[in-house]
Asker: 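Before I ask anything, here is the structure I am working with.
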Amino acid sequence: MNRIELERFLGEVSIERETFEYWIERRWIAPVQAEDMELSDADAARAVFIRDLRNDLGVNDEGIDVVLQLVDQVHGLRRVLQALRVELAGPRGGTEQE
Amino acid sequence: MESPYDILGVATSASADDIKKAYRRLARKLHPDLNAGDKAGEERFKAVSVAYRLLSDPDTRARYDAGEIDEMGVERPQQRYYRDHAGSAQADGYASDAGYADFMDGDDAFVEMLRRAAQARANRRGQDLHYGLPVTFAEAIAGGTKRLTLPRGGVIDVTLPAGVVDGQILRLKGKGAPGAGNGGPGDALVELEIAADPRFTRDGEDITLELPISLAEAVLGGKVRVPTPTGAVEMTVPPGSSSGTMLRLRGQGLPRKGGSRGDERIRLKIVLPKGRDEELERFVSGWQAGKDFDPRAEAHS
């Protein structure tokens with residue numbers, strides 16, 4: 001897992017530090033190691049998504065609340081589907097060998 | 001090729017505001033993070049983004065209209081989308097079960113499967129973390145302990161076995177990211193970056209060094225200082241040594257299986273003093289045995 005240095009990342013994707021802190025306050029993004037000033041790849045990609053929602057797609061803060069909630073549900077469901085898919089493929093998946 | 005105006009569906013005379021509106025309308029539909037499973041749509045979104053970047057900047061738009069640049073002028077490196085990471089352990093904190101939590105009340109096989117998956121996630125082992133560690137040639141030969149300073153603070157003491165090679169990865173159990181529940185931490189995977197030492201080349205467990213010696217040392221023999229990866233040692237050059245003569249320092253190479261070590265092989269290279277030397281030339285002109293000797297005779301036979 002790569003970890004991304006926060007300051008450099010924010011510079012690269014044109015997000016102000018205060019803006020990013022507001023997103024954390026708003027619980028749109030929850031870096032596990034926020035105090036270390038580092039982000040996981042998932043945190044970083046999520047921040048870019050939030051930036052796109054605000055800047056490019058013209059979604060306001062209330063809209064972002066809703067979008068993220070639904071997106072997180074979609075991914076929750078995708079995980080279940082994936083688990084189901086693995087389960088269904090299981091016996092034929094070749095994991096059980098002599 | 002479609003023009004950026006066609007891609008956004010606007011007239012070439014469209015105002016900046018029209019262009020922005022058209023882009024937003026398309027982006028809301030096509031943004032990959034709003035289409036979690038639609039890989040094909042990504043290309044369309046990319047085309048729309050490129051078209052918008054081109055037309056949203058009055059300067060690049062004017063240059064495009066004048067035929068000075070094309071769509072490629074504003075290509076950006078591939079963006080990584082959240083959807084590409086949303087299934088990873090890193091995103092565990094974000095994924096929501098609000099879309100199916102009501103199913104969990106049942107007790108059928110499907111629910112059992114969901115519970116098992118949730119439990120596996122709750123006890124997931126921590127991630128392995130990757131680090132690079134620069135190592136000198138001498139350290140690679142001799143081994144030892146190196147302190148790795150972690151990017152997010154803290155240190156790990158890495159025990160280097162003797163004889164590691166460049167690119168080798170050491171796995172430090174339990175030094176990775178913390179796990180969840182009973183999952184236990186991941187491992188730290190430390191990739192060794194061994195600095196080359198221009199003096200030595202490595203050949204299996206042996207190392208080779210080219211050692212310049214003077215003509216006097218070659219003819220008369222003598223004691224010379226020889227660098228080894230762990231410091232210089234004294235060695236005797238036997239009288240009558242040639243360029244290319246190989247000498248051997250036993251046990252100065254890399255460890256072998258079973259405890260012994262390889263050797264340092266020293267290839268002698270005779271170096272004359274810079275510039276001509278009249279005395280030497282006089283001597284060699286009068287040195288019949290030297291002139292009669294043909295060092296290529298063996299090669300010819």
Side-chain angles (χ1 to χ4, degrees), chain A residues 1-6 8-9 12-14 27-59 63-64 66-88 90, chain B residues 20-21 23-37 45 48-49 52 56 79-101 103 109-110 112-114 116-118 120-121 126-130 150-154 176-178 186:
Chain A
M1 173 172 68
N2 293 319
R3 300 202 68 85
I4 296 160
E5 203 236 318
L6 182 60
R8 203 184 63 208
F9 165 73
E12 278 168 12
V13 299
S14 316
R27 305 205 174 200
W28 289 344
I29 191 162
V32 180
Q33 315 241 10
E35 71 277 12
D36 295 334
M37 304 300 172
E38 288 192 359
L39 298 178
S40 69
D41 291 336
D43 293 328
R46 194 173 169 92
V48 170
F49 177 39
I50 296 169
R51 181 204 64 189
D52 286 356
L53 286 172
R54 281 173 64 118
N55 299 357
D56 294 357
L57 278 60
V59 183
I64 292 176
V66 176
V67 169
L68 289 181
Q69 203 179 326
L70 293 175
V71 164
D72 289 339
Q73 286 188 34
V74 167
H75 286 295
L77 284 163
R78 281 178 65 83
R79 284 165 174 239
V80 169
L81 274 177
Q82 177 61 18
L84 183 59
R85 187 179 167 208
V86 170
E87 192 89 356
L88 288 174
Chain B
K20 188 172 182 173
K21 273 188 196 149
Y23 169 66
R24 285 194 162 173
R25 200 178 55 243
L26 288 165
R28 282 188 202 124
K29 204 159 65 183
L30 297 172
H31 193 290
D33 274 327
L34 299 174
N35 296 276
F45 178 70
V48 166
S49 303
Y52 177 62
S56 58
Q79 182 175 334
R80 291 279 274 162
Y81 296 105
Y82 177 64
R83 67 178 189 185
D84 299 324
H85 301 280
S88 80
Q90 294 175 12
D92 279 355
Y94 295 124
S96 161
D97 66 358
Y100 62 90
F103 295 164
F110 177 64
E112 188 46 43
M113 191 271 306
L114 288 187
R116 270 209 305 280
R121 263 202 304 282
Q127 295 267 337
D128 292 340
L129 300 179
H130 294 261
L150 305 181
R152 62 167 191 279

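No hydrogens, no waters, no symmetry mates; every other heavy atom, side chains included, goes into these values. All values reported here derive from a predicted model rather than from experimental measurement. In the text below, chain A, chain B and the rest are named by the order of the sequence lines, each starting its count at 1.
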Asker: If we check side-chain contact (heavy atoms from CB on, under 4.5 Å) with B:H31, which of these qualifies: A:V67, A:L57, A:L53?
Answerer: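 Only one option passes, and that is A:L57.
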
Asker: At a 4.5 Å cut-off on heavy atoms, which part of B:R25 comes close to chain A: side chain, backbone, both, or neither?
Answerer: neither

Asker: What do you reckon, is CD of A:Q69 surrounded by more than 12 foreign heavy atoms closer than 6.0 Å?
Answerer: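 Not buried by this count: 12 neighbours or fewer within 6.0 Å.
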
Asker: Looking at B:R24 and A:R54, what are the two nearest heavy atoms and their distance?
Answerer: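 So the two residues come closest at NH2-O, 4.2 Å.
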
Asker: Please answer whether the main-chain N or O of B:A86 pairs with a side-chain N or O of A:R46 as donor and acceptor at a distance below 3.5 Å.
Answerer: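 Answer holds: no.
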
Asker: Quick one: closest heavy-atom pair of A:V74 and B:A36, and the distance?
Answerer: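 Looking at all heavy atoms of both residues, the shortest contact is CG1-CB, 4.0 Å.
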
Asker: Using side-chain contact (heavy atoms from CB on, under 4.5 Å), reason through A:L88 and B:M113 one step at a time and then give a plain yes or no.
Answerer: CA-CA 10 Å; A:L88 288 174; B:M113 191 271 306; over 6 Å; no

Asker: Could you tell me whether the side chain of B:Y100 reaches within less than 4.5 Å of the side chain of A:L81, counting heavy atoms only?
Answerer: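 A side-chain contact under 4.5 Å is absent here.
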
Asker: Given side chains that start at C-beta, do those of A:V48 and B:Y82 come closer than 4.5 Å, heavy atoms only?
Answerer: no

Asker: What heavy-atom pair brings A:R78 and B:G37 nearest, and what distance separates the two atoms?
Answerer: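 For A:R78 and B:G37, the tightest heavy-atom pair comes out as NH1-CA, 3.5 Å.
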
Asker: B:Y52 versus chain A, heavy atoms under 4.5 Å apart: side chain, backbone, both or neither?
Answerer: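 Contact with chain A involves no heavy atom of B:Y52 at all.
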
Asker: Heavy-atom pairs under 4.5 Å with chain B - which of A:V13, A:V71, A:D52 has more of them than the others?
Answerer: A:D52

Asker: Taking side chain as everything from C-beta outward and backbone as N, CA, C, O, which of these in A:L70 sits under 4.5 Å from a heavy atom of chain B? Side chain, backbone, both or neither.
Answerer: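 Contact with chain B involves no heavy atom of A:L70 at all.
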
Asker: Under 3.5 Å, is there a donor-acceptor pair between the side chain of B:Y94 and the main chain of A:A30?
Answerer: yes

Asker: Which atom names give the shortest non-hydrogen contact between B:H85 and A:A45, and what distance separates them?
Answerer: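 Residues B:H85 and A:A45, closest heavy atoms: CD2-CB, 3.5 Å.
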
Asker: Tell me, for A:L68 versus chain B, whether the close heavy atoms (under 4.5 Å) come from the side chain, the backbone, both or neither.
Answerer: neither

Asker: Short question: side chain of B:Q90, backbone of A:A42 - any donor-acceptor pair under 3.5 Å?
Answerer: yes

Asker: Given that the side chain runs from C-beta out, which part of B:N35 has a heavy atom under 4.5 Å from chain A: side chain, backbone, both or neither?
Answerer: neither

Asker: Do you know which two heavy atoms are closest between B:A95 and A:R79, and how far apart they sit?
Answerer: CB-NE, 3.5 Å

Asker: What part of B:D97 is in contact with chain A, defined as an atom under 4.5 angstrom from a non-hydrogen atom: side chain, backbone, both or neither?
Answerer: neither

